[in-house]
Colleague: 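Below is one structure. I have some questions about it.
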Protein chains: 2
Amino acid sequence: MSISTRFSVGIHILSLLEINKEGVNTSEFIAKSVNTNPALIRKITGMLRNAGLVNVRPGIAGATLAKELSDITLLDVYQAVNVVQDKELFGIHDNPNPACPVGRNIQDAIEPIFSIAELALEKALGVVTIEDIVKDILEKEELGKRSF
Amino acid sequence: MSISTRFSVGIHILSLLEINKEGVNTSEFIAKSVNTNPALIRKITGMLRNAGLVNVRPGIAGATLAKELSDITLLDVYQAVNVVQDKELFGIHDNPNPACPVGRNIQDAIEPIFSIAELALEKALGVVTIEDIVKDILEKEELGKRSF
DNA sequence: TAACTTGTAACTACTTGTATTACATGTTAA
DNA sequence: TTAACATGTAATACAAGTAGTTACAAGTTA
């Protein structure tokens with residue numbers, strides 16, 4: 001089981017909006033870069049818009065960034081695309097037996113630990129921005145072009 | 001999307017094996033505490049056995065712990081029950097367009113970051129042992145019994 | 001008005017998780 | 001040796017989520 005690719009697609013979209021900021025980034029154009037369907041891109045772009053990360057309006061071609069690149073963390077994207085509901089990264093089996101000492105206490109015992117683990121994950125995502133990703137992409141691009 | 005409850009059930013099973021170590025912990029007994037099916041318990045117990053965490057043998061009633069409580073971390077359980085394949089917590093959309101600067105570099109740009117985040121999660125799980133969980137359960141149990 | 005774009009619903013195919021049933025295999029004790 | 005019981009495992013069913021696709025209403029622009 002993996003966290004939905006909507007997350008990585010969201011990162012892809014935002015990076016593309018920056019790198020191709022001179023062009024018009026329609027859902028069809030973005031879909032070709034991601035290699036998927038325009039409708040799926042519009043769905044994800046809509047989520048990014050709801051989170052205040054991009055500007056995109058009905059009828060008007062192209063999406064644009066709504067915030068500074070350095071102001072958008074991967075955590076913002078992660079939360080925007082709804083891949084994991086808050087505090088629900090780990091599924092906890094419900095209705096354990098209340099007649100059992102373990103059953104009636106296990107949930108309270110593991111929930112705080114799951115929260116800590118989830119927060120550790122989110123913290124790691126929170127320190128990386130789309131700007132970092134874009135810089136990395138452009139760097140790799142230059143390296144690829146270099147002839148030895 | 002959530003990480004399978006096999007993880008929390010695995011923690012439940014191991015805690016129960018300790019707290020009810022005087023009794024015989026058959027799959028049916030454990031299933032009643034977890035409130036699920038004996039077959040599912042046997043499946044998970046089998047995974048814990050493959051990871052060297054419990055002793056359980058065909059035909060012989062009851063599972064027992066195979067390691068010291070303080071030697072079993074939640075990370076051990078997490079890995080034992082196979083809820084997430086290594087390096088695959090985050091799904092990455094495949095076949096991005098190689099003709100696009102973003103498409104041909106995005107995977108390499110985000111993979112290391114996803115790895116770091118995944119490791120942060122695992123680290124948080126690695127510092128908590130089943131002993132900690134058991135202590136917490138017994139503590140809550142005492143608190144529940146206390147009359148003010 | 002025509003052409004184009006976004007927003008969104010509906011549908012399909014696929015995968016995974018969980019519950020359940022069934023039964024082969026192994027163990028124990030009368 | 002047989003009866004009773006436990007584990008291991010396969011098969012099935014169902015729900016939920018993902019991803020791909022089509023279709024079309026509604027908004028925008030020339």
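Because the structure is a prediction, the values reported are computed rather than measured. Below, chains carry the letters A, B, ... as their sequence lines are ordered, and counting in each starts from 1.
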Colleague: It should be established whether B:Arg49 places a side-chain nitrogen or oxygen under 4.0 Å from OP1 or OP2 of nucleotide D:dG8.
Modeller: yes
Colleague: In whole angstrom, give the distance that lies between atom CZ of B:Phe7 and atom P of C:dG17.
Modeller: 15 Å
Colleague: When you check the side-chain N and O atoms of A:Asn25 and A:Asn20, is any donor under 3.5 Å from an acceptor?
Modeller: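 Checked: A:Asn25/A:Asn20 side chains pair up, N/O donor to acceptor below 3.5 Å.
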Colleague: Between C:dA9 atom P and A:Arg42 atom CZ, what is the distance in whole Å?
Modeller: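 A:Arg42 atom CZ is separated from C:dA9 atom P by 13 Å.
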Colleague: Contact class for A:Gly62 vs. all strands (heavy atom < 4.0 Å): base, sugar-phosphate, or nothing?
Modeller: sugar-phosphate
Colleague: Using whole Å, report how far CZ of A:Arg57 lies from P of C:dT6.
Modeller: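 Between P of C:dT6 and CZ of A:Arg57: 13 Å.
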Colleague: Specify the separation, in whole Å, of atom CD1 of A:Ile41 and atom P of C:dT8.
Modeller: 16 Å
Colleague: Going by number, which of residues 20-33 of chain A have a non-hydrogen atom under 4.0 Å from DNA chain C?
Modeller: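 Those residues are A:Thr26, A:Ser27.
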Colleague: Return the polar atom pairs (N/O with N/O) between nucleotides 11-20 of chain D and the protein under 3.5 Å, or none.
Modeller:
residue : atom : partner : partner atom : Å
D:dA19  : OP1  : A:Thr5  : N            : 3.0
D:dA19  : OP1  : A:Thr5  : OG1          : 2.4
D:dA19  : OP2  : A:Ser4  : OG           : 2.6
D:dA19  : OP2  : A:Thr5  : OG1          : 3.4
D:dG20  : OP2  : A:Thr36 : OG1          : 2.9

Colleague: Tell me the interatomic distance from A:Ile44, atom CD1, to C:dG7, atom P, rounded to whole angstroms.
Modeller: 13 Å
Colleague: Assess whether side chain to side chain contact (heavy atoms under 4.5 Å, CB included) is satisfied between B:Ile13 and B:Leu48, documenting all intermediate values.
Modeller: CA-CA 10 Å; B:Ile13 292 172; B:Leu48 297 175; 4.2 Å; yes
Colleague: Is the count of non-hydrogen atoms from other residues, nucleotides or ligands lying under 6.0 Å from A:Lys140 atom NZ greater than 12?
Modeller: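 Result for NZ/A:Lys140: enclosed.
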Colleague: Please give, in whole Å, the distance from C:dT25 C1' to B:Ile60 CD1?
Modeller: 13 Å
Colleague: Not counting sequence neighbours, which residues clear side chain to side chain contact (heavy atoms under 4.5 Å, CB included) with B:Gln85? List them please.
Modeller: B:Asn82, B:Glu88
Colleague: Compile the donor-acceptor pairs under 3.5 Å between side chains in residues 122-131 of chain A and protein atoms, sequence neighbours left out, one pair per line.
Modeller:
residue  : atom : partner  : partner atom : Å
A:Thr129 : OG1  : A:Glu131 : N            : 3.3
A:Thr129 : OG1  : A:Asp132 : N            : 3.3
A:Thr129 : OG1  : A:Asp132 : OD2          : 3.3

Colleague: Aromatic rings A:Phe7 and B:Phe90: how do their planes relate, parallel, tilted or perpendicular, breaks at 30° and 60°?
Modeller: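 If you compare the ring of A:Phe7 with that of B:Phe90, the planes turn out tilted.
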Colleague: Rounded to whole angstrom units, what separation is found between the CZ atom of A:Phe90 and the P atom of C:dG17?
Modeller: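 Distance, rounded to whole Å: 15 Å.
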Colleague: List the atom pairs, donor and acceptor, that lie under 3.5 Å between side-chain atoms in residues 100-113 of chain B and the rest of the protein, sequence neighbours left out.
Modeller:
residue  : atom : partner  : partner atom : Å
B:Arg104 : NE   : A:Glu141 : OE1          : 3.2
B:Arg104 : NE   : A:Glu141 : OE2          : 3.1
B:Arg104 : NH1  : B:Pro98  : O            : 3.0
B:Arg104 : NH2  : A:Glu141 : OE2          : 2.3
B:Asn105 : ND2  : A:Glu141 : OE1          : 2.6
B:Asn105 : ND2  : B:Pro101 : O            : 2.8
B:Gln107 : NE2  : B:His93  : O            : 3.2

Colleague: Side chain of B:Val56, heavy atoms from C-beta onward: which of C:dT27, C:dT8, D:dT7 has the nearest atom to it?
Modeller: D:dT7
Colleague: Would you indicate what B:Ala61 reaches in the nucleic acid, counting non-hydrogen atoms under 4.0 angstrom: base, sugar-phosphate, or nothing?
Modeller: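 Here B:Ala61 touches the backbone only, sparing every base.
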Colleague: If you round to the nearest 0.5 Å, how far is CD1 of A:Ile92 from CZ of A:Phe114?
Modeller: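 A:Phe114 atom CZ to A:Ile92 atom CD1 measures 5.5 Å (nearest 0.5 Å).
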Colleague: Would you mind writing out the side-chain donor-acceptor pairs for residues 49-70 of chain B within the sub-3.5 Å range, not counting sequence neighbours?
Modeller:
residue : atom : partner : partner atom : Å
B:Asn50 : ND2  : B:Gly46 : O            : 3.4
B:Asn55 : ND2  : B:Thr64 : OG1          : 3.3
B:Asn55 : ND2  : B:Leu65 : O            : 3.4

Colleague: Let me know the distance between CG of A:Asn50 and C1' of C:dT6, rounded to the nearest Å.
Modeller: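 It works out to 13 Å between those atoms.
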